[in-house]
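Encoded as structure tokens, the structure appears first; notes follow it.
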Amino acid sequence: MTSIPKRFPAIAALAIALSACSSLNPYVDARHARPDLYEQQPASSEGQDEQRESAEARIADVRQYARTLHDAYVRAVADQERVNTGAQLSLIPLAATAAGLGISGGSSEAITALGLTGAGIAVAGNLVVNEERQRIYLAGAQALTCIQDLANDFEIALPFADEFEPEGSVTIALNQLTVAQRSLRTVLASGNPSQNERDQAAAAMAEANTARNAAFALRAYLRVPGQILLYRIDEIQDLVNRLIQGTSVDLTAFSSTLASRLASFQGLLSPALEDGAASPGTPGARALVAPPRTIGAAISQVRAATADLAAILASSGVALDLGERSCISDFPNTTNVLSTTPSGAIGGPASGAFAINLIVSGGTPPYGIAPPAGVTVGQRTPMGRSREQFELQFSDQAAFQPINVFDANDSQTPLSIAVTRAE
């Protein structure tokens with residue numbers, strides 16, 4: 001008879017714990033309503049200050065949304081921990097970035113280092129932050145902290161949008177480049193270029209188009225910063241919810257939906273080459289007074305104009321990959337495969353030295369490159385999280401053997417990139 005009263009409290013406690021566990025909604029939403037944004041560049045240059053203030057307000061609204069969603073993920077971890085162990089995690093400081101918290105092990109030292117209430121309570125032993133759902137929430141919180149950093153970068157970049165106005169330095173440089181490219185095409189069509197001249201002209205045009213596309217993409221990103229940030233947050237939520245469901249996700253295959261989501265802004269993200277934009281009366285066009293008479297001079301003119309544009313973009317201090325940074329990395333049950341751009345193979349001209357920019361992403365940075373004889377690694381440029389650009393210089397005598405690219409993870413199989421010359 002005495003055994004029944006002793007068992008009853010244990011059974012009741014178990015029932016309460018199970019009911020509490022089942023009542024936890026695994027799909028976390030921010031208490032702050034999702035902003036409803038629509039951004040569009042004004043039709044004229046008037047009202048630029050108002051446009052910038054509006055963009056800053058949108059960024060601030062999205063940043064607040066990211067912050068409240070971040071806190072909701074952290075609260076979800078605390079709620080689960082109360083159910084799992086009865087520990088009062090609400091007293092443990094949890095509202096900081098959550099970077100590294102439980103993602104790779106979850107030590108008590110990492111937890112006590114955070115600050116929510118300032119209580120600074122020391123917790124003995126390892127808390128149960130290794131549970132899969134908790135680690136997913138904390139990875140989501142880390143990604144949302146990255147979004148807030150990205151919002152700060154966008155705010156810093158907004159004034160540079162003025163350089164895309166008619167009298168701005170970028171517009172002038174773009175128009176110079178347009179005139180130089182047009183002159184090169186004219187000289188090629190009217191002359192009898194050799195194959196080597198054709199190859200050099202093609203390489204110069206490709207470099208010019210890369211610089212132009214970077215400028216147009218940056219202009220587009222600065223027009224819709226709030227939308228870009230908001231869609232990045234949507235992607236993080238989508239990934240968290242997939243992982244909560246127990247789905248294993250390949251982050252390389254989990255491609256950004258940014259381009260399709262911004263399709264309603266016709267042409268905003270299109271780097272269309274505005275070949276007809278520069279006329280003799282256009283700012284910058286007058287800087288190229290004497291048309292080149294030889295193919296070599298025309299190629300030099302294109303390369304000089306390309307260098308001018310690239311220098312302006314580089315000196316601005318604005319990260320050119322603002323719209324590309326997803327902030328998604330280091331989630332449990334995900335893989336982030338090492339990849340390169342260009343992918344597959346590197347092609348060069350039939351003869352002579354040449355250089356290319358190789359972008360390495362995914363995997364675990366920092367990255368390394370093992371080049372064959374005759375290939376040297378020049379400037380190395382960080383391009384955001386888990387993304388770097390390497391300048392590869394090929395000499396006349398470069399051994400055309402594969403280039404190996406590897407990351408900091410010993411278990412990562414190096415990428416082998418084939419190198420070929422045009423026939």
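Residues: numbered from 1 along the sequence shown. These numbers come from the heavy atoms of this one structure, side chains and all, not from hydrogens, waters or symmetry mates.
Counting heavy atoms from C-beta outward, R133 and I244 have side chains that approach closer than 4.5 Å. Two residues are said to be in side-chain contact when any heavy atoms from C-beta on lie closer than 4.5 Å; D396 and S351 fail this criterion. Looking at L184 and Q301, their side chains never come closer than 4.5 Å, going by heavy atoms from C-beta outward. Between R212 and T178 there is a side-chain heavy-atom pair separated by less than 4.5 Å. Side-chain contact between P349 and R421: present, with at least one pair of heavy atoms (C-beta onward) separated by less than 4.5 Å. For the pair L144 and R67, the minimum side-chain heavy-atom distance is 4.5 Å or more.
Every side chain to side chain contact (heavy atoms under 4.5 Å, CB included) that D61 has, sequence neighbours left out, goes to H32, P35. Partners of T340 under the side chain to side chain donor-acceptor pair (under 3.5 Å) rule, at least two apart in sequence or in another chain, do not exist in this structure.
For the pair Y367 and L338, the tightest heavy-atom approach, listed with the atom from each and the gap, is CE2-CD1, 3.5 Å. Between L218 and A319, the shortest heavy-atom distance links the atoms CD1-O, 4.2 Å.
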Output, in order, the C-alpha distance, side-chain angles, deciding distance and verdict of side chain to side chain donor-acceptor pair (under 3.5 Å) for R58 and S54. CA-CA 6 Å; R58 293 185 179 103; S54 178; 2.8 Å; yes
Evaluate E235 against Y231 for side chain to side chain donor-acceptor pair (under 3.5 Å), listing each step before the verdict. CA-CA 6 Å; E235 289 171 354; Y231 293 154; over 6 Å; no
Would you please test N357 and Q379 for side chain to side chain donor-acceptor pair (under 3.5 Å) and show each step? CA-CA 9 Å; N357 288 325; Q379 184 175 0; over 6 Å; no
Could you go step by step and tell me if E207 and T306 meet the side chain to side chain donor-acceptor pair (under 3.5 Å) rule? CA-CA 7 Å; E207 293 170 1; T306 301; 5.9 Å; no
How far apart are the C-alpha atoms of V405 and F390, what are their side-chain angles, what is the distance that settles it, and do they pass the side-chain contact (heavy atoms from CB on, under 4.5 Å) test? CA-CA 11 Å; V405 179; F390 295 83; over 6 Å; no
Between R303 and I299, is the side-chain contact (heavy atoms from CB on, under 4.5 Å) condition met? List the steps. CA-CA 6 Å; R303 286 178 171 160; I299 292 173; 3.9 Å; yes
Just do the side-chain contact (heavy atoms from CB on, under 4.5 Å) check on V170 and R219 with the steps written out, would you? CA-CA 10 Å; V170 175; R219 179 182 66 179; over 6 Å; no
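Taken to the nearest 0.5 Å, the CD1 atom of I403 stands 6.5 Å off from the CD1 atom of I417. With values rounded to the nearest 0.5 angstrom, I59 atom CD1 is found 12.0 Å from Q227 atom CD. If you take OG1 on T68 and CZ on R34, they are separated by 12.5 Å, rounding to the nearest 0.5 Å. Rounding to the nearest 0.5 Å gives a distance of 9.5 Å between CG of L174 and CD of Q181. Distance CD1/I328 to CG/L239: 5.0 Å, rounded to 0.5 Å. Expressed to the nearest 0.5 Å, how far CG of L69 lies from CD of Q237 amounts to 4.5 Å.
Using a cut-off of 4.0 Å between Lys/Arg side-chain N and Asp/Glu carboxylate O, E155 and R63 are scored as salt-bridged. In summary, D238 and R242 engage in a salt bridge, as defined by a charged side-chain N under 4.0 Å from a carboxylate O.
A donor-acceptor pair is defined here as one N or O able to donate and one able to accept, closer than 3.5 Å; such a pair exists between the side chain of S395 and the backbone of G374.
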